[in-house]
There are 2 protein chains.
Amino acid sequence: MNVSKDEAVRSEIIYQAQKLFQQFGLKKTTMDEIAAACGKAKSTLYHYFTSKEEVFDAVIEIELTKLRKIVKDKVEEQKTITGKLKTYMIEFQKGTLSMANVYRIVNNVSYDKKASKERFVRMMEFEKSYVLRIMEDAYDSGECRSIDKEDLPLMAELLLAGFYGTVKYLIEKDDKYDQQKLERIAEIFTSKLFE
Amino acid sequence: MNVSKDEAVRSEIIYQAQKLFQQFGLKKTTMDEIAAACGKAKSTLYHYFTSKEEVFDAVIEIELTKLRKIVKDKVEEQKTITGKLKTYMIEFQKGTLSMANVYRIVNNVSYDKKASKERFVRMMEFEKSYVLRIMEDAYDSGECRSIDKEDLPLMAELLLAGFYGTVKYLIEKDDKYDQQKLERIAEIFTSKLFE
DNA sequence: AACCGACTAATTTAGTTTTCCAGTCCAAAA
DNA sequence: TTTTGGACTGGAAAACTAAATTAGTCGGTT
């Protein structure tokens, strides 16, 4: 055994699991199926992961890491705080739509409410800290002087919760997704809340 | 028969149903129980309402009417648009906490997802139009000139969806309800979004 | 016209059996 | 020694059934 081989197998399991979770979701994908897709026996999987949930979390982590990289690159192209925040919202939202597993976390599509909620909160904590850093950077370099620095954490929370609450409501109500409206909402949220 | 007698029976049914729905919810309250509480036979109820759902909707309507009256009185005490909007949010939210049936609609606690979502959307449409009127009045009397009048409907929607999305998220996360934080959120939402 | 009791059709619940699947164990292979 | 696979297990979920509830109807009574 060597470490890189070990890593390769792990990656293969995650890769195959991702495809299956993507299509069928956490509940309707079995460990036997993941093992079969890898050409291995189920018990082999348990040498690399302690549980099915852990496999799923690994898949989610990979997807989120990918998504966050994309979002980060786009955000960094922006110069102003409002440009950054607006870009963040639009790109993150766009990304969730193209990643079924992440979509399920963000929109609480699950069979295990408790676990799903925990994943959502964990993800949100990370996003909040990222948005907060964007805000603090802007604050430190002299933008948005009209806001108290100690209000920034609450502002970050409000921005995210408000934005996702709004998107969710609009999706529920309209039953269709409107890219332009989304941009308009992100615009209002950022410019009004933050300029 | 006379009309006022008819109305009295209707009211009695709604009143008894309200108490039962309050305690047990829509699903776990039976028409037999409502009838028994009224001292009438079940079939009598069907002279006044065509279905159990209709009784429930009547109860909701009564509760919402009461709540809206309270909110309206409080809002009218306020002079400024931000004062009005902040008061609206806080009072409406406070009201939902004291009315179990309204609470269930607002927070989507239900056994019938589709019906519950419809009730929620219907309620929100009404609230949106009320908030919009507050905004338009303020606009017409010269407040908030920095906003396009045609943006007001979207602003009303954002305010409500954002506020409720945020409150929901905070309740989920904190698992407890903080009156002061709620006020701070309403404050930021209104002052930042609207001042 | 307002009401009731008895009825029905349909849904819900409760109980049982069967199937499935996450996770373990042990032996064999590498 | 480390990795793997096949067989196994316990517990949970699915499928099915029988029994009980309950929304809504109807014919008759006051």
Side-chain angles (χ1 to χ4, degrees), chain A residues 1-21 23-60 101 109-116 118-119, chain B residues 1-21 23-60 101 109-116 118-119:
Chain A
M1 141 278 181
N2 70 52
V3 176
S4 70
K5 169 75 191 312
D6 203 71
E7 277 305 307
V9 176
R10 241 187 102 89
S11 295
E12 174 68 7
I13 293 170
I14 293 174
Y15 176 66
Q16 296 298 339
Q18 181 180 34
K19 287 198 292 185
L20 287 164
F21 287 141
Q23 192 173 359
F24 304 111
L26 175 57
K27 188 188 177 181
K28 288 200 172 292
T29 302
T30 69
M31 286 297 262
D32 277 314
E33 285 168 336
I34 297 171
C38 298
K40 302 201 175 299
K42 182 174 58 168
S43 59
T44 304
L45 268 55
Y46 285 89
H47 279 270
Y48 297 91
F49 297 93
T50 65
S51 69
K52 185 180 168 184
E53 293 272 310
E54 203 180 283
V55 177
F56 187 69
D57 281 333
V59 168
I60 288 293
N101 293 315
V109 180
S110 73
Y111 75 103
D112 180 346
K113 279 212 158 192
K114 194 163 172 293
S116 175
E118 277 169 16
R119 286 196 181 88
Chain B
M1 143 274 177
N2 69 53
V3 176
S4 70
K5 169 76 190 312
D6 202 72
E7 276 305 307
V9 176
R10 240 186 103 89
S11 295
E12 174 67 7
I13 294 170
I14 293 173
Y15 176 67
Q16 297 298 338
Q18 181 181 35
K19 287 197 293 184
L20 287 163
F21 286 141
Q23 192 173 359
F24 303 111
L26 175 57
K27 188 187 177 181
K28 289 202 170 290
T29 302
T30 69
M31 288 295 263
D32 276 315
E33 285 168 337
I34 297 170
C38 297
K40 302 203 176 297
K42 182 175 59 168
S43 56
T44 305
L45 267 57
Y46 286 89
H47 280 270
Y48 298 91
F49 298 93
T50 65
S51 69
K52 184 180 167 183
E53 293 272 311
E54 204 180 283
V55 178
F56 187 69
D57 280 333
V59 167
I60 289 294
N101 294 315
V109 181
S110 73
Y111 74 104
D112 180 346
K113 277 212 160 193
K114 195 164 170 294
S116 175
E118 277 169 16
R119 286 197 181 89

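Note that the coordinates shown come from a computational prediction; the quantities given were computed from them, not determined experimentally. In what follows, every chain begins at residue 1, and chains take the letters A, B, ... in the order their sequences are listed.
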For Thr50(A), which residues count as a side-chain hydrogen bond (donor to acceptor under 3.5 Å, both in side chains) partner, sequence neighbours excluded?
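By the side-chain hydrogen bond (donor to acceptor under 3.5 Å, both in side chains) rule, Thr50(A) matches Glu54(A).
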For Asp57(A), check side-chain hydrogen bond (donor to acceptor under 3.5 Å, both in side chains) against everything at least two apart and list the hits.
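Checked Asp57(A) against side-chain hydrogen bond (donor to acceptor under 3.5 Å, both in side chains); matches are Arg119(A).
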Rounded distance (Å) that lies between atom [atom2] of [N] and atom [atom1] of [X]:
X        : N       : atom1 : atom2 : result
Lys28(A) : dA22(C) : NZ    : P     : 12 Å
Leu45(A) : dT3(D)  : CG    : P     : 14 Å
Phe24(A) : dC20(C) : CZ    : C1'   : 17 Å
Ile34(A) : dC21(C) : CD1   : P     : 12 Å
Lys40(A) : dA22(C) : NZ    : P     : 19 Å
Tyr48(A) : dG5(D)  : OH    : C1'   : 13 Å

Strictly by salt bridge (Lys or Arg N to Asp or Glu O under 4.0 Å), give each pair with a member in residues 23-37 of chain A just once, sequence neighbours left out.
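Found Asp32(A)-Lys42(A).
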Taking the side chain as every heavy atom from C-beta outward, state whether Leu45(A) and Val55(A) have any pair of such atoms under 4.5 Å apart.
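No, every pair of side-chain atoms sits at 4.5 Å or beyond.
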Close side-chain approach of Leu26(A) to Lys52(A), heavy-atom, < 4.5 Å:
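In short, these two side chains touch, coming nearer than 4.5 Å.
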What pairs of nitrogen or oxygen atoms, one from the protein and one from nucleotides 25-27 of chain C, lie under 3.5 Å apart?
none

Could you list the protein-to-nucleotides 21-23 of chain D atom pairs, N/O on both sides, closer than 3.5 Å?
residue, atom, partner, partner atom, Å
dA23(D), OP1, Lys52(B), NZ, 3.2
dA23(D), OP2, Met31(B), N, 2.8
dA23(D), N7, Lys42(B), NZ, 2.6

Nearest heavy-atom pair of Ile14(A) and Ala58(A): which atoms, and what distance?
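Closest pair (atom of Ile14(A), atom of Ala58(A), distance): CD1-CB, 3.8 Å.
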Closest non-hydrogen atom pair, Leu20(B) against Thr29(B)
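For Leu20(B) and Thr29(B), the tightest heavy-atom pair comes out as O-OG1, 3.4 Å.
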Sequence-distant partners of Phe56(A), ring-ring contact (aromatic ring centres under 6.0 Å, His included), two or more places apart:
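Only Phe21(A) meet the ring-ring contact (aromatic ring centres under 6.0 Å, His included) criterion with Phe56(A).
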